[in-house]
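Please read the structure below before turning to the comments.
Quick note on labels: first sequence line is chain A, next is B, and so on, each numbered from 1.
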2 protein chains.
Amino acid sequence: MSVKPKKRGRPFNSSKQLSNSIILKCAKSMLEEEGKIPAIRGLAAKLNVDAMAIYHYFANKNALLEAIASSLVTEIYEPKNDRPWKTEIYSLCYSYLKLLKDYNGLLETMLSSTCFGPSNVFTEKFSQITDTLGLSPATAITARDLLVDYLHGFAFAMQLNKRDGEIELEMIKGPINLYFGALEKYN
Amino acid sequence: MSVKPKKRGRPFNSSKQLSNSIILKCAKSMLEEEGKIPAIRGLAAKLNVDAMAIYHYFANKNALLEAIASSLVTEIYEPKNDRPWKTEIYSLCYSYLKLLKDYNGLLETMLSSTCFGPSNVFTEKFSQITDTLGLSPATAITARDLLVDYLHGFAFAMQLNKRDGEIELEMIKGPINLYFGALEKYN
DNA sequence: ATTATTAATTCTACATTGTAGAATTAATAA
DNA sequence: TTATTAATTCTACAATGTAGAATTAATAAT
């Protein structure tokens, strides 16, 4: 039942060292598999390391979560500019929600951290697409706010799994199309 | 520093008894004042009672939170039917968000509980208004989903206070008007 | 009246969390 | 060789929700 106590103090160089990225990778895989943010102790156990070792690499749990979040920006759709704007925005939204679904529990981190993360990237890429639409700056911002908050609301519901059974990402199609209708009036 | 230990066991009838509604009232006022859900111990302290006494009236913390949520349905705007639909929907949204702002932290409870609460009431009243618009049933549902998730996303951001400084409820005006634009195409 | 049951309460205790701070040991610099 | 720094484990604490037992009064049964 009990595990042999590990030797204390700094380990020999021969043994592979813990690192920022090893922790990140493990945390991400646990997040994916368990569908929720792991406890530090759990993460440490999986890394076969004491919980406090993690604090040598991250100031606190939130810093770790922010690091995870910002490592995910690459998973967001990159607009191509050779497809209709509706398709582009839909793909962008879909990839954003996919991320929030696959890494359940990160929504709060993403929204409360001011630093570089998927939310900012989403916003940037959205603007990049709407720039081609000739909206007024004010309208563009309004459109962005409506969409972003809608997606976060959807993601939040997904996180809580309120709707019957699985929440499918495709469920955004209807609302997004309605949203497109609104945008069309302004371009 | 320390308080005199209270007498154990069932108290005399003369002393005013704890009750469901006393607990609720106190919890609501703490929620309002502190801007976050109180810990059971904190609530108990304010009631000058042991923490476990609360569990005589509520099965667990979540049951208490659900009770709070469902006690708030009265604060949601009651559509009048003698004002334009946009005004009605705006008032409805505003009152819903006001509630979510005043009782910060309840969003999750409201969305995860299937029982009677502000979310259901909102949805009902929204349908009541859109029934006068002659939308197809499918469109009505889509419109509801877009709006509800938008509001929840907004509320979530409010809860985390992401935006600079205070988040004002009036910030929904732009997005809501854009949304109205979308609805107009269907009626 | 006495006794048994039920109701309202406090107490003690546990598991789970994040994480501060000290101790330990190896690597590296002086 | 010694001093310093780095990487780690250990111990411990505060906060949380809450299970379960003990206690006492009210009420029901006899």
What residues, two or more places apart in sequence or in another chain, satisfy side-chain hydrogen bond (donor to acceptor under 3.5 Å, both in side chains) together with [X]?
| X | result |
| --- | --- |
| B:Glu170 | B:Tyr94 |
| A:Asn60 | none |
| A:Glu34 | none |
| A:Glu78 | A:Lys125 |

### Query
Under 4.5 Å between any side-chain heavy atoms of B:Asp145 and A:Leu178, yes or no?
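No, every pair of side-chain atoms sits at 4.5 Å or beyond.
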### Query
Can you tell me if the side-chain N/O atoms of B:Tyr57 get under 4.0 Å from OP1 or OP2 in C:dA8?
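No, B:Tyr57 has no side-chain N/O under 4.0 Å of OP1/OP2 on C:dA8.
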### Message
Less than 4.0 angstrom between a side-chain N/O of A:His56 and OP1 or OP2 of D:dA7, yes or no?
### Response
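So the side chain of A:His56 is within the cut-off, an N or O lying under 4.0 Å from OP1 or OP2 of D:dA7.
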#### Entry: From A:Lys86 atom NZ to A:Leu133 atom CG, the distance as rounded to the nearest 0.5 Å
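Going from NZ on A:Lys86 over to CG on A:Leu133, the span is 10.5 Å.
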### Message
Only Watson-Crick and G-U wobble pairs, only distances under 3.5 Å, only runs of 3 or more: what stems does that leave for DNA chain D?
### Response
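Paired runs of 3+ in DNA chain D: C:1-30 with D:1-30.
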Between the protein and nucleotides 14-16 of chain D, are there any N/O to N/O pairs under 3.5 Å, and if so, what are the atom names and distances?
none

### Query
Looking at residues 6-20 of chain A, who's got a heavy atom less than 4.0 Å off DNA chain C?
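Close to the strand are A:Lys7, A:Arg8, A:Gly9, A:Arg10, A:Pro11, A:Phe12, A:Asn13.
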### Query
Looking at residues 21-36 of chain B, who's got a heavy atom less than 4.0 Å off DNA chain C?
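By residue number: none to list.
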### Task
Sort and list the pairs that fulfil ring-ring contact (aromatic ring centres under 6.0 Å, His included) and have at least one residue in residues 36-75 of chain B, not counting sequence neighbours.
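Counting only pairs at least two positions apart or across chains, no ring-ring contact (aromatic ring centres under 6.0 Å, His included) contact touches residues 36-75 of chain B.
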### Task
Any ring-ring contact (aromatic ring centres under 6.0 Å, His included) involving residues 96-146 of chain B? Give me the pairs, sequence neighbours left out, ordered by first then second residue.
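Output for this query lists B:Tyr96-B:Phe122, B:Tyr96-B:His152.
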### Task
Begin with the C-alpha distance, continue with both residues' side-chain angles, and end with the deciding distance and a verdict on side chain to side chain contact (heavy atoms under 4.5 Å, CB included) for B:Ile176 and B:Tyr150.
CA-CA 9 Å; B:Ile176 292 283; B:Tyr150 163 70; 4.0 Å; yes
Using whole Å, what does the distance between atom [atom2] of nucleotide [N] and atom [atom1] of [X] come to?
| X | N | atom1 | atom2 | value |
| --- | --- | --- | --- | --- |
| A:Leu47 | D:dT9 | CG | P | 10 Å |
| A:Leu43 | C:dT17 | CG | P | 12 Å |
| A:Asp50 | C:dT17 | CG | P | 15 Å |
| A:Asn62 | C:dT19 | CG | C1' | 14 Å |
| B:Tyr55 | C:dC11 | OH | C1' | 15 Å |
| A:Ile54 | D:dC10 | CD1 | C1' | 15 Å |

### Query
Listed by chain and number, what are the side chain to side chain contact (heavy atoms under 4.5 Å, CB included) partners of B:Ser14, not counting sequence neighbours?
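So B:Ser14 forms a side chain to side chain contact (heavy atoms under 4.5 Å, CB included) with B:Phe12.
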### Task
List the steps and the verdict of side chain to side chain donor-acceptor pair (under 3.5 Å) for B:Glu124 and B:Asn120.
CA-CA 6 Å; B:Glu124 267 173 38; B:Asn120 310 291; over 6 Å; no
### Query
Taking only residues two or more places apart in sequence, or in another chain, which ones meet B:Phe180 in a ring-ring contact (aromatic ring centres under 6.0 Å, His included)?
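Only B:Trp85 meet the ring-ring contact (aromatic ring centres under 6.0 Å, His included) criterion with B:Phe180.
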### Message
Test your reading of the model: is there a side-chain donor-acceptor pair from B:Thr139 to the backbone of B:Leu135, 3.5 Å cut-off?
### Response
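Checked: no pair found.
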